[in-house]
Amino acid sequence: ELRQNEKSFRAIFEQAGDYILLLEVKEDKGLVIVDANHAACEIHGYAHEEFIGKAIRDIDRKLDEKQVRAILDRAMAGEAVFFETAHLKKDGTIFPIEVSVKLLEIGEGLVQFISIERDISERLQAEERLRMQETILNKSQEIAHLGSWHLDIEKNVLTWSDEQYRIFGRPPQEFGATYEAFLETIHPDDRDMVNKTYISAIEKNLPYECIHRVIRPDGEERIVLEKSEDVIDENGKTTHSYGFTQDITEQTRKLQEREALEDKLQQAYKMEAIGTLAGGIAHDFNNILGVILGYTDMAKEDAPPGTQ
């Protein structure tokens with residue numbers, strides 16, 4: 001039965017997709033590989049006989065002796081220790097791994113550790129791509145003054161992007177992310193209108209769109225455009241809202257300035273037209289007056305002496 005168990009363990013050990021190492025502490029070399037499954041040998045680029053006897057310090061490129069000792073102490077205390085590190089292949093390539101180390105008591109005072117490892121290159125690459133996408137998104141929102149938000153209506157949890165916080169002038173740690181907290185940021189004269197507009201959109205299952213003012217903590221007033229669409233469950237109930245907020249303060253001010261300038265130009269055109277009309281009338285009047293004066297002079301010449 002013992003041999004059968006050993007065979008079963010060996011079969012599982014060799015066929016496992018994860019990289020499995022059996023480790024012992026040697027006085028001269030520290031933590032040493034005493035056995036390894038096929039997957040572990042293959043990923044490191046060694047034949048089985050080459051890999052056995054290698055010290056962990058020769059293949060690990062992150063952990064120092066002190067850190068290894070701390071891991072083993074925790075494992076000796078019965079803890080399954082999880083951590084990330086990087087290993088060196090035979091060809092010099094370094095690859096990242098996720099490791100789980102646990103105490104394995106063989107008996108007769110022999111203590112070994114089983115290390116189960118997994119290559120996390122793809123996961124780290126995916127995480128890096130995600131970080132890059134988040135950076136691009138945050139920078140794009142910052143340039144466009146366009147923030148994004150999500151409201152979990154059932155839980156009343158409001159999530160804002162970095163630019164959304166910048167638009168409202170509020171640091172994340174000082175803002176209670178709820179719908180009520182959002183309403184408090186709105187200009188008092190606009191608050192009721194915004195609330196009614198949003199609630200009406202939810203009740204009618206329509207997109208929400210609203211232009212309103214917000215008041216930053218320092219008292220500065222900003223003008224924003226908000227739009228959102230909702231997620232509706234199978235019962236027809238709105239459960240989530242996804243939207244954006246665009247700071248249109250500068251555009252609005254420029255539009256107002258342009259409209260004011262256009263009004264002034266219109267007034268100037270009117271005054272110019274009136275001036276032109278008045279000038280024309282005066283010219284015509286002068287012509288008529290000149291004729292009248294001419295006839296008057298002629299009449300004076302023909303009048304008898306002493307005529308007034």
Side-chain angles (χ1 to χ4, degrees), residues 1-139 173:
E1 185 178 349
L2 180 59
R3 288 182 179 178
Q4 185 60 41
N5 289 339
E6 288 178 352
K7 286 182 179 180
S8 299
F9 172 78
R10 194 71 201 179
I12 296 172
F13 181 77
E14 289 297 341
Q15 293 173 16
D18 290 330
Y19 321 135
I20 304 177
L21 307 178
L22 294 182
L23 309 170
E24 285 183 14
V25 177
K26 304 290 185 180
E27 290 186 5
D28 57 336
K29 299 177 67 176
L31 196 60
V32 173
I33 301 169
V34 295
D35 202 358
N37 70 346
H38 176 74
C41 295
E42 185 176 47
I43 191 64
H44 287 86
Y46 290 96
H48 185 267
E49 59 273 14
E50 291 179 295
F51 204 35
I52 303 308
K54 277 202 167 292
I56 289 297
R57 65 190 180 201
D58 293 335
I59 64 171
D60 195 292
R61 282 296 172 265
K62 281 192 174 182
L63 300 178
D64 56 30
E65 291 291 340
K66 185 177 180 180
Q67 290 171 315
V68 171
R69 185 69 261 171
I71 290 170
L72 297 183
D73 287 344
R74 290 168 60 189
M76 288 291 291
E79 182 183 350
V81 186
F82 296 89
F83 58 94
E84 293 181 5
T85 186
H87 275 190
L88 177 69
K89 296 182 181 182
K90 185 178 181 179
D91 63 6
T93 305
I94 297 175
F95 67 104
I97 57 171
E98 182 180 65
V99 183
S100 170
V101 174
K102 190 172 178 58
L103 177 66
L104 187 64
E105 297 187 51
I106 305 300
E108 298 181 357
L110 180 60
V111 174
Q112 291 185 342
F113 299 91
I114 183 167
S115 175
I116 301 176
E117 304 172 353
R118 183 170 298 173
D119 187 343
I120 56 173
S121 299
E122 290 186 2
R123 193 198 80 193
L124 295 182
Q125 290 169 4
E127 290 175 353
E128 180 59 29
R129 286 195 297 270
L130 181 59
R131 281 192 293 270
M132 181 59 68
Q133 290 171 357
E134 289 177 347
T135 299
I136 293 172
L137 176 60
N138 287 334
K139 197 62 181 176
Q173 63 272 19

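When a residue number appears, it is its place in the shown sequence, counting from 1.
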Considering non-hydrogen atoms only, spot the tightest contact between Leu103 and Met76 and give its length. CD1-SD, 3.7 Å
Rounded to the nearest 0.5 Å, the NZ atom of Lys54 sits from the CG atom of Leu21 at a distance of 12.5 Å
Taken to the nearest 0.5 Å, the spacing of Lys29 NZ from Ile56 CD1 works out to 10.5 Å
Kindly determine whether Asp35 and His48 satisfy side-chain contact (heavy atoms from CB on, under 4.5 Å), including the steps that lead there. CA-CA 8 Å; Asp35 202 358; His48 185 267; 3.1 Å; yes
Could you go through Glu128 and Arg131, starting from their C-alpha distance and side-chain angles, then the distance that decides it, and tell me whether this counts as salt bridge (Lys or Arg N to Asp or Glu O under 4.0 Å)? CA-CA 5 Å; Glu128 180 59 29; Arg131 281 192 293 270; 2.9 Å; yes
Side chain to side chain donor-acceptor pair (under 3.5 Å) partners of Arg129, counting only residues at least two apart: none
Heavy-atom pair with the smallest gap, counting every atom of Ile94 and Arg61: CD1-CG, 3.9 Å
Starting at CG of Leu31, measure out to CD of Glu24 and round the result to the nearest 0.5 Å. 9.5 Å
Restricting to non-hydrogen atoms, name the atom on Asp18 and the atom on Glu117 that form the minimum distance, rounded to 0.1 Å. CB-O, 3.6 Å
Minimum heavy-atom distance between Ala75 and Val81, given as atom pair plus value: N-CG2, 3.9 Å
Note: Phe51 and Ala40 closest approach over all heavy atoms is CE2-O, 4.0 Å
To the nearest 0.5 angstrom, please state how far the CG atom of Leu88 sits from the CD1 atom of Ile59. 8.0 Å
With a 4.5 Å limit on heavy-atom distance, are the side chains of Ile71 and Leu63 in contact? yes
Start with the C-alpha distance between Gln112 and Val34, add both sets of side-chain angles, then the distance that settles side-chain contact (heavy atoms from CB on, under 4.5 Å), and finish with yes or no. CA-CA 9 Å; Gln112 291 185 342; Val34 295; 3.6 Å; yes
If you measure from NE2 on His87 to CD1 on Ile97, what distance do you get to the nearest 0.5 Å? 3.5 Å
Can you list the residues that meet the side chain to side chain donor-acceptor pair (under 3.5 Å) rule with Glu98, with sequence neighbours excluded? Arg123
Lys62 meets the side chain to side chain contact (heavy atoms under 4.5 Å, CB included) criterion, sequence neighbours left out, with Asp60, Thr85, Ala86
Residues two or more places apart in sequence or in another chain: which of them pass ring pair (Phe, Tyr, Trp, His ring centres under 6.0 Å) with Phe113? none
Using only atom types and a distance under 3.5 Å, with no angle test, would you say the side chain of Asn37 pairs donor to acceptor with the backbone of Ile20? yes
Nearest 0.5 Å, what's the CD1-CG distance between Ile33 and Leu23? 6.5 Å
Please check if the number of heavy atoms outside Lys139 that lie under 6.0 Å from its NZ is greater than 12. no
Kindly give the heavy-atom pair with the smallest separation between Phe95 and His44, and that separation in Å. CZ-NE2, 3.9 Å
Test side-chain contact (heavy atoms from CB on, under 4.5 Å) applied to Glu134 and Leu137, step by step: CA-CA 5 Å; Glu134 289 177 347; Leu137 176 60; 5.6 Å; no
The side chain to side chain contact (heavy atoms under 4.5 Å, CB included) partners of Glu42 (sequence neighbours excluded) come to His38
Side chain to side chain contact (heavy atoms under 4.5 Å, CB included) with Ala47: which residues, sequence neighbours excluded? Glu49, Glu50
